[in-house]
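Not measured: the values here are computed from a predicted model. Below, chain A is the first sequence line, B the second, and so on; all start at residue 1. These numbers come from the heavy atoms of this one structure, side chains and all, not from hydrogens, waters or symmetry mates.
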Amino acid sequence: MPRFFLTTAIDYANGEPHLGHALEKIGADTMARFHRQFGYDVHLLIGMDEHGQKVAQTAEQQGVPPQQFVDDIAVQFQAMWKLLGISYDQFIRTTAPEHKAAVTRLIEQIFAADAALPDGRRNFYERSYTGMYCVGCESFKQGADIVDGKCTVHPTRTLEEVTEHNWFFRLSAYTAPLKALFAANPGFLEPESRRNEILQLLEQGLDDISASRSRFDWGVPFPRPLSNGDVQTTYVWFDALPNYWTARCFPGFSEKAAWPADLHVIGKDITRFHAVIWPAMLMAAGEPLPAQVWAHGFISLGGERFSKSAGVKLALAEAIDRYGVDAFRYYLLRDVPFDGDGNFSWERFEEVYNSDLANTLGNLGSRSIAMIEKYRAGVVPSGAPEEALFTAHRDALALARAAVDGARRHRPHEAIAALMDIARRTNEYIQRTQPWVLAKDPANAAALDEVLRTLTASLAHLAAWLAPVMPHKMQALWAQLGGSGDVTTVRLDHAIDVSGWKVTKGVPLFPKPETPPAAT
RNA sequence: GGCUGGGUAGCUCAGCUGGUGAGAGCGCACGACUCAUAAUCGUGAGGUCGAGGGUUCGAUCCCCUCCCCAGCUACCA
């Protein structure tokens, strides 16, 4: 059984889960669920990035110890993922002892490799960094963050020139190896637009980065003291990025989570960390590289940029309550291309719900099941579905598969588009064959049988193929059709035979609300 | 400022290396049907393809300039 080990970015524990977090998790979860139904042994890793200065500051502001603070946040995130139906196999937290120990080991592994290198070539070395430090932000500033010699966030304070002595990582030495990596394996980073960005960056050459910091201690102690005896804190990216690698050091480790990962799903803003710094770290440590990094786009809200600082917020719970979890998942996946940016709006959500889910898919289920009950006492006639229609269906399913696990992989929005075509085509088929006319004359019994089993087979395939997107609703549809067991375990690489299934009319799958929800 | 993407019908987007009349879904208008969640099916209206130049027999697709949006621009993650 092939395995598929995918990860999402660990979320920074300085606030509540928001729409941006949800988009990434829902996308990765859907990819994971599709792969399970294609027969892969899947391991989906998600988790929390709990160290760093901001976390320590926020905890202090709220007057709680940092560990307690991140414990609370982790509970919130996990509750949200449960609500959203995220089928993760492992939830990692960077404050876990196993993680901290493994980070230390990875860094020591690099030091061990350094022992064989001459002085000027070693990965880790000590260096002083001088920069403009803002006391208000408690961080170094540069470029656009400095206006008139003042930090833009704290214009009343004067920036101080501060020198800090740290451990540095010789990232510059990896410019050539990384170029070679991208030349040999362009698919290492997708989509292409993000790859171009990194290629350009490599063209300019890389600078070294610091690997330890002196100004905060909420993190993993850097394993080796500086020559002056100071023990510093591991810089957050040397702590956060390795989570994908340290995950297997936890109890319950299984082969399917063995390093290297098959896919890192991340946001486009942290492409550089995952496509440059992370592979360089692994190269330095002599570890294999992940097979691929996928950088998805962002979602904005009502045309405005989505950010906590700008006060643009969307209560996730409210969005989920509106039409249910599955509809929310469907809307996000269908309307936000996973390789680009998208926009959230209540109006659009309502349109998609009514048109795709209630009218096209939900109603297709209702009318089909109603006819089978009315004309055949609920029993699906045996035999093969109509060939012409199913030839078209198979083409659509092939497109859907390609959008997940083929040439167009990691594009669930394209898979959804192909699957909804099946639903539309099936509605068209009903109109064309007019089963209600066939039912009036017993001489047409065979023709009516074929129509009815074709409808059921179409719906059964839709239920199985859309289960990764809408697990709960598709289980309900599956059950109404008379399918047995759990639809989320139905293999997608085999045709489904619906002969003799017993359908049961239930409540509408996607009911329309009595009164349209007020737009906000 | 620099780098990389994007700016195509009201909305969300397709449009491969330039070539017969620029497409889909939704929304809208009209018609058909009745199995169905006033659903469905058909037909139709709608676009100076961000703006302005240029190359070409011919450009949405190539080049230049400009405008707008997004991410990055090396230590906030």
Side-chain angles (χ1 to χ4, degrees), chain A residues 9-14 49 51-55 57 129 131 137-145 153 164 166 168-169 171-172 191-201 203-204 206-213 235-240 267-273 276-277 295 297-298 300 303 305 309 334-337 339-343 345 347-348 351-352 354-375 413-414 417 420-421 424 426-439 451-452 455 505 507-512:
Chain A
I10 48 175
D11 297 309
Y12 199 54
N14 69 337
D49 179 11
H51 288 139
Q53 196 170 8
K54 270 191 191 169
V55 167
Q57 277 175 359
Y129 172 82
C137 298
E138 295 188 44
S139 66
F140 288 99
K141 298 282 167 180
Q142 54 176 238
D145 290 334
V153 184
E164 194 173 311
N166 306 118
F168 265 69
F169 177 72
L171 186 64
S172 57
E192 192 181 9
S193 54
R194 302 273 85 86
R195 179 162 69 238
N196 290 341
E197 198 171 291
I198 296 302
L199 289 176
Q200 188 57 36
L201 186 76
E203 217 42 57
Q204 292 164 10
L206 301 170
D207 290 334
D208 296 345
I209 56 172
S210 69
S212 73
R213 311 309 302 272
Y235 178 52
V236 280
W237 281 106
F238 268 82
D239 173 350
K268 64 179 181 180
D269 57 332
I270 50 177
T271 309
R272 195 170 56 84
F273 297 96
V276 174
I277 299 178
F298 287 160
S300 59
R305 185 172 162 189
S309 54
R334 119 107 217 215
D335 235 34
V336 182
D339 55 349
D341 297 334
N343 188 36
S345 84
E347 294 76 9
R348 184 74 187 151
E351 272 180 21
V352 167
N354 284 330
S355 166
D356 284 14
L357 297 180
N359 296 349
T360 301
L361 181 60
N363 183 52
L364 174 62
S366 294
R367 65 195 304 209
S368 301
I369 290 170
M371 286 190 282
I372 294 164
E373 291 205 325
K374 193 167 178 178
Y375 305 140
H413 59 288
E414 292 188 3
M420 288 311 293
D421 277 345
R424 270 188 280 276
T426 304
N427 274 320
E428 195 181 307
Y429 170 76
I430 294 178
Q431 191 66 27
R432 177 155 38 89
T433 54
Q434 298 191 304
W436 53 92
V437 174
L438 295 175
V451 171
L452 296 179
L455 295 184
K505 191 166 174 58
V507 294
L509 226 44
F510 301 101
K512 291 190 186 174

Base, sugar-phosphate alone, or nothing: which one does [X] contact when heavy atoms must sit under 4.0 Å apart?
X	result
A/Asn427	sugar-phosphate
A/Phe273	base
A/Leu206	base
A/Pro191	nothing
A/Tyr235	base

For this session: Would you mind calling B/G25 syn or anti? Take O4'-C1'-N9-C4 for purines or O4'-C1'-N1-C2 for pyrimidines, and syn is within 90° of 0.
Result: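 Anti conformation here, the glycosidic angle of B/G25 being more than 90° from 0.
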Strictly under 3.5 Å: I want the nitrogen or oxygen pairs between protein and nucleotides 37-39 of chain B, one per line.
residue	atom	partner	partner atom	Å
B/U37	O2	A/Phe510	O	3.4
B/U37	N3	A/Phe510	O	3.0
B/U37	O4	A/Gly362	O	3.4
B/U37	O4	A/Leu509	N	3.4
B/U37	O4	A/Phe510	N	3.2
B/A39	OP1	A/Lys512	NZ	3.1
B/A39	O5'	A/Lys512	NZ	3.1
B/A39	O2'	A/Asn363	OD1	3.3
B/A39	O2'	A/Asn363	ND2	2.3

Exercise. Reckon A/Tyr429 has a side-chain N or O less than 4.0 Å from the OP1 or OP2 of B/U40?
Worked result: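 Checking A/Tyr429 against B/U40: no side-chain N or O falls below 4.0 Å of OP1 or OP2.
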Exercise. When you check the phosphate oxygens OP1 and OP2 of B/G25, does a side-chain N or O of A/Arg424 lie under 4.0 Å from one of them?
Worked result: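 No, A/Arg424 has no side-chain N/O under 4.0 Å of OP1/OP2 on B/G25.
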[atom1] spacing across the pair [N] / [M], given as an integer number of angstrom:
N	M	atom1	result
B/G2	B/G47	C1'	35 Å
B/U55	B/U12	C1'	34 Å
B/U17	B/A32	C1'	45 Å
B/G23	B/A45	C1'	16 Å
B/C11	B/C72	C1'	30 Å
B/G71	B/A9	C1'	28 Å
B/A22	B/C49	C1'	8 Å
B/U65	B/U20	C1'	33 Å

At their closest point, which heavy atom of [X] faces which heavy atom of [Y], and how far apart are they?
X	Y	answer
A/Ile198	A/Arg272	CD1-CA, 3.8 Å
A/Phe298	A/Val336	O-CG1, 4.4 Å
A/Pro191	A/Ala295	CD-O, 3.2 Å
A/Ala370	A/Lys505	CB-NZ, 4.3 Å
A/Lys54	A/Asn14	CD-ND2, 3.8 Å
A/Ala240	A/Asp49	CB-OD2, 3.7 Å

Under a 3.5 Å distance rule, please check whether [X] uses its side chain to pair with a backbone N or O of [Y] as donor and acceptor.
X	Y	answer
A/Asn166	A/Ser212	yes
A/Asn427	A/Thr360	yes
A/Asn359	A/Asn354	yes
A/Asp208	A/Ser172	yes
A/Tyr12	A/His51	yes

For this session: Using a 4.5 Å cut-off on heavy atoms from C-beta on, say whether the side chain of A/Gln431 contacts that of A/Glu428.
Result: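 Contact flag for A/Glu428/A/Gln431 side chains = no.
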Problem set entry | Test item: A/Val451 and A/Met371 side chains (from C-beta on) under 4.5 Å apart, heavy atoms |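 Heavy-atom side-chain distance check fails, nothing below 4.5 Å.
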Measure from [atom1] on [X] to [atom2] on [N] and round the result to the nearest Å.
X	N	atom1	atom2	value
A/Asn14	B/A77	CG	P	10 Å
A/Tyr12	B/C76	OH	C1'	8 Å
A/Asp339	B/G71	CG	C1'	14 Å
A/Asp421	B/C13	CG	C1'	14 Å
A/Asp341	B/C72	CG	P	11 Å
A/Glu203	B/G2	CD	C1'	15 Å
A/Arg432	B/C41	CZ	P	12 Å
A/Glu414	B/A24	CD	P	18 Å

Contact list (N/O, under 3.5 angstrom) for nucleotides 31-34 of chain B vs protein:
none

Exercise. Taking for each residue the nucleotide of RNA chain B bearing the nearest heavy atom, is the 5' side occupied by A/Asp335 or by A/Ser355?
Worked result: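 The 5'-side residue here is A/Asp335.
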For this session: Hey, which sits more toward the 5' end of RNA chain B by its nearest nucleotide, A/Lys54 or A/Glu192?
Result: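 Residue closer to the 5' terminus by nearest nucleotide: A/Glu192.
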Exercise. How would RNA chain B look in dot-bracket form, 5' to 3', counting Watson-Crick and G-U wobble pairs with both distances under 3.5 Å and writing | for bases paired to another strand?
Worked result: (((((((..((((.....[...)))).(((((.......))))).....(((((..]....))))))))))))....
Go through [options] for me and flag the one nearest to the [X] side chain.
X	options	value
A/Asp49	B/A70, B/A77, B/A36	B/A77
A/Phe168	B/C35, B/U12, B/C75	B/C75
A/Ile430	B/C3, B/C35, B/U73	B/C35
A/Glu197	B/C13, B/C75, B/G71	B/G71
A/Phe298	B/C75, B/G71, B/U4	B/G71
A/Asn196	B/C72, B/C26, B/G5	B/G5

Exercise. Parallel, tilted or perpendicular for A/Phe238 and A/Phe169, by the 30°/60° rule?
Worked result: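 It falls in the perpendicular class, over 60°.
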Exercise. When you look at A/Val352 and A/Arg348, which way does the side-chain contact (heavy atoms from CB on, under 4.5 Å) test go after all the steps?
Worked result: CA-CA 6 Å; A/Val352 167; A/Arg348 184 74 187 151; 4.2 Å; yes
